[in-house]
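Some notes on the structure that comes next.
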Number of protein chains: 2
Amino acid sequence: MRIGQLAQSVGVDTQTIRFYERQGLLPPPGRQENGYRVYTEKHVERLAFIRRCRILDLSLAEIHELKRYQDDPHQSCTAVNALLDDHISHVRSQITALQALEKQLVSLRASCNDDREVEACGVLAGISEGNMHQQ
Amino acid sequence: MRIGQLAQSVGVDTQTIRFYERQGLLPPPGRQENGYRVYTEKHVERLAFIRRCRILDLSLAEIHELKRYQDDPHQSCTAVNALLDDHISHVRSQITALQALEKQLVSLRASCNDDREVEACGVLAGISEGNMHQQ
DNA sequence: TATTGACCTTATAGCGACTATATAGTTTTA
DNA sequence: TAAAACTATATAGTCGCTATAAGGTCAATA
């Protein structure tokens, strides 16, 4: 299988595949005589795994870490679970931060209607004076 | 006032100030004979405004846009409000996406306890097989 | 006076995870 | 046979900084 077919079957750009290879996430495939990359089913699985991790918003570094665990299948999976727990707390704190931000923005927005001149705009005034209900 | 003092009074790195200048967000200040930048109170206000926008997670492009509105103070502020409304929807959709992600991660995490070998880890199996309760 | 230290200058590279572009060679199709 | 579709590498761009290198300036100290 060549790179285009792999790309299509997993739903990724060919550039991204070469990028993952350079990053050491996808093992370098064999080559044809003309230099074209040749992939196997294992590559398909591996790439699909990476993409599913990315959907979960795991970083490439975290995916690397998971790969290392997979390479030593008889150790305890505590570290895998810990990685996921850390990631969950990370996502939760992002959510909390964005919710606080939303509140701030909504309250700022409430300080203006559309029928003013920029000079008198409640939103711009709110930012300029720092009336932003911090935290 | 020199760059270090400006930086300290607003709570920003000097590098960041020069960066904003290069981006056209902060007007180029005067210079001393030795080439040192000299700032005024207007720069302090302007920089503080930029920082407050950044706290609201507005992009530099959006801050640029706000600046253009400020430069024409007698037009209607409809566009300012629209910019904020767009930003609020953007933040809200981020929150929604992250909440969905959190659910996915928590359910994945529930598929494993710590007392297994990597080989049998529910988390890794879940990702590998794509049992990720999409959407 | 010499030198140390704190400040300032510019230019350049790095972060993360791609994405886009340029340039060129190869294969497949019409 | 020629065009379209694929492949290859190398390089730069995205965003908002942050870090590093290599140097110039200035005030206080030994």
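Note on naming: letters A, B, ... go to the chains in the order of the sequence lines (proteins, then strands), and numbering restarts at 1 for each one.
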A:R18 side-chain proximity, nearest of D:dT7, D:dC17, D:dA19: D:dT7
I want to verify a distance call: between C:dT21, C:dC18, D:dG16, whose nearest atom is closest to the B:F19 side chain? D:dG16
Which ones in residues 21-36 of chain B lie close to DNA chain C, meaning a heavy atom under 4.0 Å from one of its atoms? B:R31, B:G35, B:Y36
If you take any heavy atom closer than 4.0 Å to DNA chain C, which residues from residues 1-11 of chain A end up in contact? none
So if you build clusters from Ile, Leu, Val, Met, Phe, Trp, Tyr with side-chain heavy-atom gaps below 4.5 Å, do A:I17 and A:V38 land together? no
Integer-rounded Å distance: [N] [atom2] and [X] [atom1]:
| X | N | atom1 | atom2 | result |
| --- | --- | --- | --- | --- |
| B:D13 | C:dT9 | CG | P | 12 Å |
| A:I17 | D:dT9 | CD1 | C1' | 16 Å |
| B:Q15 | C:dA13 | CD | P | 15 Å |
| B:L58 | D:dC17 | CG | P | 12 Å |

Between A:Y20 and A:R51, a side-chain donor and acceptor under 3.5 Å: yes
With a cut-off of less than 4.0 Å, is there a side-chain N or O of A:T16 near OP1 or OP2 of C:dT19? yes
For C:dT9, take OP1 and OP2 only and decide whether either is under 4.0 Å from a side-chain N or O of B:R37. yes
Report the residue (A:V38 or B:S59) whose heavy-atom-nearest nucleotide on DNA chain D is the more 5′ of the two. A:V38
Compile the donor-acceptor pairs under 3.5 Å between side chains in residues 60-68 of chain B and protein atoms, sequence neighbours left out, one pair per line.
| residue | atom | partner | partner atom | Å |
| --- | --- | --- | --- | --- |
| B:E62 | OE1 | B:S59 | N | 2.8 |
| B:E62 | OE1 | B:S59 | OG | 3.4 |
| B:H64 | NE2 | B:Q23 | O | 2.9 |
| B:E65 | OE2 | B:Y69 | OH | 2.9 |
| B:K67 | NZ | B:G24 | O | 3.1 |

